[in-house]
Structure formats: structure tokens, C-alpha cells
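Read the numbers this way: they start at 1 and go in the same order the structure lists the ligands and their atoms. Just so it is clear, the structure is predicted and the values come from calculations on it, not from any experiment.
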Amino acid sequence: MNRKTQIVVVGGGAGGLELVRRLGAKYGRKRHDIILVDKNLSHIWKPLLHEVAAGSLDANLDEVGYRDHCSRWGYRFFQGSLESIDRVARTISLAPVKDEDGSELIAGHTIRYDILVLALGSVSNDFGVPGVKEHCLYLDSREQADRFRTRLLNHCLRVSRAMLRDPSADEQVRVAIVGGGATGVELAAELYNAAAGLRHYGLEVFDESRLHVTLLEAGPRILPALPEKLADAARFELERLGVEVRPATQVVEARPRQLITRDGAVIEADLMVWAAGVKGADFLAGLGLETNARNQIIVTDTLQTTVDPNIFALGDCASYTPPGEGRPVPPRAQAAHQMAAVVFANIVRLQQGRPLKHFVYRDKGSLVSLSRFSTVGSLMGNLIGGSMAIEGRLARFIYTSLYRLHLIGIHGWVKATFLMAVGRVNRIVRPKLKLH
Ligand SMILES: Cc1cc2nc3c(=O)[nH]c(=O)nc-3n(C[C@H](O)[C@H](O)[C@H](O)COP(=O)(O)OP(=O)(O)OC[C@H]3O[C@@H](n4cnc5c(N)ncnc54)[C@H](O)[C@@H]3O)c2cc1C
């Protein structure tokens, strides 16, 4: 009896979930066995996490349950965290899944593969700065975003109660964000949006003037990936909201409620968020594949790993440097999306014995949302002949289109269109803030 070709994708994020949908739609369960493995039971698009953290988005409404998604698209789902790969036996090992009390729910097990795709994403890079792990929060996952929101709301409540007791009290919620890239900038603006709404939800004496956000960036300016003019526009907007923007400020240590800078300054904060760049998770370096100094798996132009053509890697966990370019493709949702399309095409070509496609990254530009206050960014493309700076409504429209494209990528046109319509209705009928 012919054994089914087993294609295993580990990581159901921006790239991996799109890939299994396409594989499931193409092959179904007849000739192939498509398996998705993820350590979580559901997917939330990472670029939404700053909104989840600020409370302006209810992740329950936007997350996608893998069990439901797989039954619709003809693949199988296993919950589990990848621990190791046996390239000789062609199996992966998953760690045991434990419940809240720490007791074992699913024992550790192995899964056979013919083709393996690693789409494991990234984690925040603390660059070994002492105290960051212990005292700062990250925005790498839904749990971390939820944790941030709970702590933020508790601080807001404390300040609100203190001001009710003594209206002359000068109480503030102090948030320090390390990293002036897109994540840090978007979070800073979103916090002011959320703080402005809190008084409508029971914290009558709280408003955005009670929030003090400090944005610290080691480089000479925020948003280094954007043209200077746009970064200046974003800084102007942030400062207008009340954010204290501190470029050329390198944090060298984190202590309880304190960040220490290279020049010895102490920044006091109730909540400290580390968003200063990403790297691959540490265990990637021990998988027996070639990795770079940031634990990312090095791939060839067909997105196969350098040591094993049966293993592909894509998205944030992969490192591909186009020929003649000194820099690898950046860890972005658009890169994960483009890589998923090429890995899909190459898996199909492998089955057909055809030559594989070469990955060419097309940078469509970068957009940064300053919540409802503004959106800035640059568009790239042949049509406009290079790079074009955009701001305002057009930029906002294109920014939200990225999420729409992701919805189409994981659900197909029909369901995605319904979900977008439901999203519009929800924005009208549901609370503007998630307060629990
Ligand atoms: C707050 C924030 C804002 C962002 N904004 C933007 C933006 O505006 N535009 C943009 O282009 N990019 C943005 N990004 C970056 C973008 O989210 C990532 O580049 C993109 O999600 C990468 O996709 P991926 O498929 O590689 O990984 P991910 O989407 O991170 O998915 C990785 C998956 O792997 C799973 N996983 C991890 N480890 C294991 C394991 N050991 N075993 C099993 N499963 C595992 C995870 O649970 C997850 O489902 C943002 C990121 C953040 C955090």
C-alpha cells in the first residue's frame, strides 16, 4: 500500500497557517497527510498584539481556533511544542502538553514527516541586558499582551481610586517602552487611545493626562526603517499625545520599576515593555540546522534549509539574504506571507519532480499605525517607481488592508469577506475597550 506523503508544518502563525490552508485546499486528505503543530490552540495575528495589550481589541473575536480551521481545510492539528528533530528517522519530537496545574495532558510524542516546514516565528531579543527577563514585559504572544493589559488596567484603577480619595493628588500610570521601532511606537499611541476611553467605562476621573509614556530608543531616531521625514511626523504626533520620546538612549539594565540608561539616568516606571528587536527562540540553535547569531535558521533561495532539502523554514524563524544584498529579509508579516507562497509552490513542485522556485522578496513598504490619531509609512513598488511616503487616510486604509489580506490568506475570500463585515458591525455594537 502506498504511504501518504506526510507534510508537517510547525507553527501556525502568519506564514504557517496560510501555508497549511493552501496545502489542505490543494491536496485534502486523499493523497497527503497535512499536519499542523502549534504550541497553542489558537492563532492571533501578531501585528494586532499592541491593540490587545492596550485593550482596544478583544483577541477572542479575532483569534482562529486550529481545530475548527483544520476540519474546514482538510489538515490535521496537533498541539505541542517542538523540541527536537531526528533528520535520519525523519521525525520531530514534541514536549508533553501540561494543563494549568502542571499535570500532563498529552504525553510527549514523535511525528513522522516526509517534508517538514518550520514556521516558528520569533521572540523578543533582550540582547542579554541584565534584569530584562525578570522585570520587563514582552509582546510576543497573546498571553503576554493579556498580562500587560491586566496590569495596565490595575494601575489605572489604582490611580483613579487615589484621585477619587484626593482630587488634588498628582497620580500617574508610568509606562516605559524600550524600542522605538514599529511595535514600540504603535503601542505608545494605542495606550493614549485606550486611556482616553477609560472614563466612559467606569474610571470617571481617569483620562489620558494621567498616563505618562516614555519611549526609549538606542539609535539616533525612532522608526529607523522609515524615511526621516515620516519618522519625524510620527514623533511629532507622539509628542502631541504626551509621549516622552527619548532617542539615543540605550538601556543597560532593568530593575524592579526602573530602567538604567548608559549615561546612568534612572527611568522610573510602573510597567516596562521591551520591544527592542527580535531573534529566533534559543532552542532553534540546537535543532541541528545551520543558524545565525540570532538563532534564525539559514535557508537557501528555495527556502530549504542549508543542511536538509526536506526541511523548509519561513517567516521570522528563517534567515535569507538575497544575493548581492548585505541584509537579510526583515522579520515582517509580509515576508512570512510571501515565503509561505513560495514554500507552497516548492512543495507542489517537489511532488511533481519540477525545479523549485527561487524566493524574491518584494518589499511593499512599511506602515506604522498611531492608533486612531494617524498612520504613516512608505509604499514601494514598480508602479510608483520606488518609494513613496504616505500619511493619513490612505495610509490607514493600506495598513488595515494588510490584515484583510491575512484573513483572505487563512480563510479564503468568502469567509474572510463575512468576517470583515462582522468586524465592522462589532466595532459599532461592542465596547470600544476590553476591560477584563
Ligand atoms: C506587536 C507587533 C506588531 C507587529 N506589527 C507588524 C506590522 O505592522 N507589519 C508587519 O509586516 N509585521 C509586523 N509584526 C511582525 C509580524 O507579526 C511577524 O513578522 C510575523 O507574525 C511572522 O510570522 P511567522 O509565521 O514567522 O511567525 P508567527 O506569526 O509569530 O507564528 C509563529 C507560530 O509558531 C508557534 N510556535 C512557536 N514556537 C513553537 C514551538 N516550539 N512549537 C510549536 N509551535 C511554536 C507560535 O505559537 C505561533 O503560532 C509585528 C509584530 C509584533 C509582535
Side-chain angles (χ1 to χ4, degrees), residues 8-20 35-54 57 63-64 66 77-85 92-95 97 111 117-124 137-145 148 177 179 181-188 190 223 225-226 273-275 277-278 280-284 286-287 295-297 313-319 329-340 343 363-369 375-377 395 398-403 405-406 409-410:
V8 178
V9 178
V10 192
L17 192 55
E18 226 177 283
L19 177 64
V20 283
I35 294 175
L36 173 70
V37 176
D38 200 288
K39 59 183 178 183
N40 296 314
L41 288 171
S42 63
H43 157 79
I44 175 102
W45 200 50
K46 255 178 142 184
L48 298 176
L49 287 181
H50 66 282
E51 292 180 43
V52 177
L57 183 96
E63 69 184 349
V64 180
Y66 293 121
F77 169 70
F78 286 94
Q79 189 188 6
S81 197
L82 175 70
E83 274 193 331
S84 62
I85 302 173
I92 57 167
S93 296
L94 305 183
V97 179
I111 298 178
V117 182
L118 301 176
L120 292 152
S122 56
V123 296
S124 288
L137 294 161
Y138 302 114
L139 276 194
D140 290 337
S141 63
R142 163 146 191 207
E143 294 68 45
Q144 291 168 351
F148 177 89
I177 303 171
T183 304
V185 167
E186 290 188 340
L187 177 65
E190 201 59 56
L223 299 175
L226 289 188
V273 186
W274 191 268
V278 296
D282 292 342
F283 81 95
L284 292 182
L287 289 180
N295 304 330
Q296 291 166 302
I297 301 158
L314 64 85
D316 287 7
C317 75
S319 174
V329 171
R332 298 241 185 94
Q334 56 171 313
H337 164 75
Q338 292 176 32
M339 286 178 164
V343 170
D363 186 352
K364 305 263 167 64
S366 305
L367 289 159
V368 178
S369 161
T375 303
V376 297
I398 298 172
Y399 180 85
T400 47
S401 302
L402 290 177
Y403 183 49
L405 281 177
H406 174 64
I410 59 171

Nearest-contact summary for [atom] - protein heavy atom, Å:
| atom | answer |
| --- | --- |
| atom 16 (C) of ligand 1 | A333 N, 3.7 Å |
| atom 3 (C) of ligand 1 | P47 CA, 3.5 Å |
| atom 1 (C) of ligand 1 | T183 CG2, 3.4 Å |
| atom 31 (O) of ligand 1 | G13 CA, 3.1 Å |
| atom 34 (O) of ligand 1 | G11 CA, 3.3 Å |
| atom 27 (O) of ligand 1 | G121 CA, 3.2 Å |
| atom 18 (C) of ligand 1 | D316 OD2, 3.4 Å |
| atom 51 (C) of ligand 1 | K46 CB, 4.2 Å |

Out of [options], whose heavy atom is nearest to [atom]?
| atom | options | value |
| --- | --- | --- |
| atom 25 (O) of ligand 1 | S42, A318, G15 | G15 |
| atom 48 (C) of ligand 1 | V9, V368, L48, D38 | D38 |
| atom 53 (C) of ligand 1 | L284, L139, V10, L120 | L139 |
| atom 33 (C) of ligand 1 | S122, A119, G16 | A119 |
| atom 36 (N) of ligand 1 | Q79, K364, K39 | K39 |

**Message:** For W45 and H406, take the angle between the two ring planes, folded into 0 to 90°, and tell me which bin it lands in: parallel under 30, tilted 30 to 60, perpendicular over 60.
**Reply:** parallel
Would you check if [X] and [Y] make a side-chain contact, meaning some heavy-atom pair closer than 4.5 Å?
| X | Y | value |
| --- | --- | --- |
| V9 | V343 | no |
| F77 | V20 | no |
| V123 | N295 | no |
| L402 | P47 | no |
| K364 | H337 | no |

Check: [X] side chain, [Y] main-chain N or O, donor-acceptor pair, under 3.5 Å:
| X | Y | value |
| --- | --- | --- |
| D38 | N40 | yes |
| E186 | H50 | no |
| Q144 | S141 | yes |

Grab the two heavy atoms, one from [X] and one from [Y], that are nearest each other, plus how far apart they are.
| X | Y | answer |
| --- | --- | --- |
| L287 | E83 | CD2-O, 3.8 Å |
| V273 | F148 | CG2-CE1, 3.2 Å |
| V52 | A145 | CG1-CB, 3.9 Å |
| V37 | G80 | CG1-O, 3.5 Å |
| A340 | G15 | CB-O, 3.4 Å |

Region of [X] that comes within reach of ligand 1 [heavy atoms, distance under 4.0 Å]:
| X | answer |
| --- | --- |
| W45 | neither |
| Y403 | neither |
| A14 | both |
| N40 | side chain |
| S81 | both |

Measuring from the heavy atoms of [X], does anything fall under 4.0 Å of ligand 1?
| X | result |
| --- | --- |
| G80 | yes |
| G12 | yes |
| H43 | no |

**Request:** Kindly indicate, with the supporting measurements, whether the criterion side-chain contact (heavy atoms from CB on, under 4.5 Å) is fulfilled by I35 and F78.
**Result:** CA-CA 7 Å; I35 294 175; F78 286 94; 3.4 Å; yes
**Item:** Backbone or side-chain N or O of E186 under 3.5 Å from ligand 1 N or O
**Value:**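 No.
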Show which atoms of ligand 1 fall inside a sub-4.0 Å distance from at least one heavy-atom site of [X].
| X | result |
| --- | --- |
| F283 | 41 (N) |
| L82 | 40 (C), 41 (N), 42 (N), 43 (C) |
| G315 | 26 (O) |
| Y66 | 49 (O) |
| A336 | 23 (O) |

